[in-house]
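One structure is given below, encoded as structure tokens.
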Amino acid sequence: MSSFAGRMKEYPYISLDRFDRENLHARAYFLSHCHKDHMKGLKGPLLKRKLKFSLTVKLYCSFVTKELLLSNPKYGFWADHIVALELESPTQISLIDEASGEKEEAVVTLLPAGHCPGSVMFLIEGAQGTVLYTGDFRLAEGDASRIEVLHSGSRVKDIQSVYLDSTFYDPRFYQIPSREACLSGIRGLVLDWLSRSTYHVVWLNCKAAYGYEYLFTNLGEEFHTQVHVNSLDMFKKMPEILAHVTTERATQIHACRHPKDEEFMRGNRLPCGSFASDGTPLKIISIKPSTMWFGERTRKTNVIVKTGSSSYRACFSFHSSYAEIRDFLSYLQPINIYPSVVPLGRTHADVTELLKPMCREVISSAVIYRPLGTLKRTRQEPTCHDVDCADWLFESGDMAPVRKRLMKLEATPTTPLGDPVHLLLSLIGCQAPEAFVDEDEKHSAQFPLPLNPISPGHVLSQAKTMLIQDGECQGEILAGIDTGWKESGSHAHQTDPSELSESQVSSDFEVPSTPESHPPGTDELIVLYKRLAAGEQVLGLNPEDRACRTKPGGPSLQD
DNA sequence: GCGATCAGGT
DNA sequence: CACACCTGATCGC
């Protein structure tokens with residue numbers, strides 16, 4: 001749950017996702033999405049009074065959020081004060097102090113957040129620098145590079161601070177199966193059940209919150225039916241969702257709710273009380289979407305877990321995993337990161353400490369001393385000082401992206417070499433980590449990395465440059481998003497998901513895909529690794545090149 | 001009577 | 001399996 005107090009250090013005149021206390025005095029308001037824990041104080045009588053006498057105070061949000069908000073009459077008084085913005089369209093706003101007339105300008109841009117319908121992140125650019133408030137988000141690895149407005153030319157914008165959804169920023173939540181993997185698991189379960197007879201029905205045990213809609217639209221589409229829900233009111237202006245939901249009970253897929261619905265289920269009844277017309281009892285299974293996570297090196301197990309004779313849990317996440325957040329942050333390299341959520345069992349200090357390695361180090365001196373490996377590196381550009389325990393394979397900073405590329409290769413069945421990380425480690429004289437690190441201890445264990453003539457970090461930064469280079473230009477950014485949330489199945493049926501890379505398949509809201517980078521072939525890899533092991537400069541690239549921050553396909557296109 | 005807050009539930 | 005929200009009790013205005 002968000003514990004963000006509503007204001008950012010750089011722009012204290014605006015309030016985001018909090019509307020009580022000091023936020024009552026804000027010059028402008030921002031609502032990232034329509035979940036109650038981000039709407040505290042939004043229907044408060046004090047705020048209502050303030051708006052009555054104000055001409056300049058506005059609430060900025062997406063069109064979908066505006067629609068969802070105003071579908072609840074309690075927020076009706078906002079109607080004339082909401083400014084809905086298109087995604088990825090920078091908009092200049094004036095922040096006016098109505099008492100003094102004092103005025104400050106800023107440019108705000110909404111970015112897709114993939115958390116629920118209408119959810120966005122806010123990019124704010126102004127005199128106090130560029131800051132990103134993420135709201136709640138689920139982005140897949142690689143998604144940040146596809147968001148055009150995070151770049152200027154082929155470079156990532158210089159971001160002062162990120163106000164981060166840190167819900168799963170904890171190595172414990174290292175990986176969460178992709179949206180597509182979860183969806184496909186659910187699809188399989190539903191198919192198996194519904195195909196038995198017309199008396200077989202499924203109940204999707206969803207919480208009272210926006211965010212399951214893409215599940216409904218995908219299942220509705222797949223099974224040529226509509227999903228039974230309690231109300232359609234909020235979706236009046238969202239034809240893509242509306243097409244797949246109904247208030248008619250006569251359907252095999254239900255997501256209806258009732259205060260005592262769990263009790264209903266135990267009595268083999270649907271929350272809506274639907275029954276078969278000829279008196280035959282319905283055969284009901286319940287599927288409860290909930291988050292499942294896996295450790296860094298854990299083989300992902302099933303995304304569906306049976307929890308009873310007729311009940312299942314299905315993997316489903318509204319938030320990015322630890323690995324996804326790291327990927328996001330290592331791409332943006334902000335100077336400051338402020339967590340807005342403290343994961344259970346941790347303190348604010350814990351999270352801040354865990355986030356430090358993801359912050360860009362602003363260096364005055366050009367020389368940095370490292371405790372292990374090659375001890376000296378020079379770098380003009382700012383760098384990540386990444387010594388996070390989860391990345392103990394390497395002692396050096398900007399390796400997070402490299403590892404991901406390598407892990408992607410690992411997962412690529414067409415790479416016949418098996419595990420490139422292990423291969424590389426054995427070539428440079430290190431033993432594979434699992435040999436002496438217990439699964440449970442892996443995050444705290446110190447990997448006894450032998451000192452080596454070559455810094456693995458250095459080696460890998462060379463390897464990385466090659467591994468990530470893209471052959472093709474990136475997909476075009478689509479503008480003017482309807483829902484701020486796109487259902488993968490309702491995309492004019494693109495490619496078979498099995499043909500897509502992990503990052504593409506899980507990126508099923510409105511962030512266009514990037515053409516897959518081409519993993520090097522076997523021969524290429526062997527040659528490369530041997531040369532790396534020998535300490536050679538494999539590519540004639542400048543080590544200072546911030547390849548990890550260069551938009552894939554960017555330079556060749558834009559420069 | 002209304003709102004805020006907390007505990008306890010799913 | 002930890003998200004988001006509901007209900008009910010209690011307190012203060």
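Every chain is numbered from 1 and lettered A, B, ... according to where its sequence line falls, protein lines coming before strand lines.
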For residues 266-273 of chain A, dump all side-chain donor-acceptor pairs below 3.5 Å to protein atoms at least two apart in sequence or in another chain.
| unit_1 | atom_1 | unit_2 | atom_2 | d |
| --- | --- | --- | --- | --- |
| N268(A) | ND2 | L282(A) | O | 3.1 |

- Gap between atoms NZ and C1', on K260(A) and dC5(C) respectively (whole Å): 18 Å
- Query: Does CZ in R49(A) sit with more than 12 non-hydrogen atoms of other residues, nucleotides or ligands closer than 6.0 Å?
  - Reply: no
- Note on the structure: Residues at least two apart in sequence or cross-chain that pass side chain to side chain donor-acceptor pair (under 3.5 Å) with H38(A), listed by chain then number, are D17(A), D136(A)
Tell me which donor-acceptor pairs under 3.5 Å the side chains of residues 338-349 of chain A have, and how far apart each pair is, sequence neighbours excluded?
| unit_1 | atom_1 | unit_2 | atom_2 | d |
| --- | --- | --- | --- | --- |
| S340(A) | OG | L164(A) | O | 2.7 |
| R346(A) | NH1 | D170(A) | OD1 | 3.1 |
| R346(A) | NH1 | D170(A) | OD2 | 2.8 |
| T347(A) | OG1 | A349(A) | N | 3.4 |
| T347(A) | OG1 | D350(A) | N | 3.1 |
| T347(A) | OG1 | D350(A) | OD1 | 3.4 |
| T347(A) | OG1 | D350(A) | OD2 | 3.4 |
| H348(A) | ND1 | T352(A) | OG1 | 3.4 |

- So, with a heavy-atom separation below 4.0 Å from DNA chain C, the residues of residues 261-272 of chain A are none
- Between dA4(C), dC5(C), dA2(C), which nucleotide gets closest to the side-chain atoms of F318(A)? dA4(C)
- Nearest-angstrom distance from the residue atom NZ of K288(A) to P of dA4(C): 14 Å
- Message: Can you tell whether the side chains of E262(A) and R257(A) come within less than 4.0 Å, N to carboxylate O?
- Response: no
- Item | Distance flag, aromatic centroids of F294(A) and Y174(A), threshold under 6.0 Å | no
- Item | A208(A), nearest nucleotide to its side chain (from dC5(C), dC1(C), dA2(C)) | dC5(C)
- Item | Which residue lies more 5' along DNA chain C, comparing H35(A) with P343(A) via nearest heavy atoms | P343(A)
- Task: Please report, rounded to the nearest Å, how far the C1' atom of dC5(C) is from the CZ atom of R257(A).
- Result: 8 Å
- Task: Would you classify M1(A) as touching base, sugar-phosphate or nothing, given that sugar-phosphate means primed atoms plus P, OP1 and OP2, and contacts are heavy atoms under 4.0 Å?
- Result: base
Under-3.5 Å N/O pairs linking protein and nucleotides 2-9 of chain B:
none

- side-chain hydrogen bond (donor to acceptor under 3.5 Å, both in side chains): which pairs involve residues 68-81 of chain A, sequence neighbours left out? none
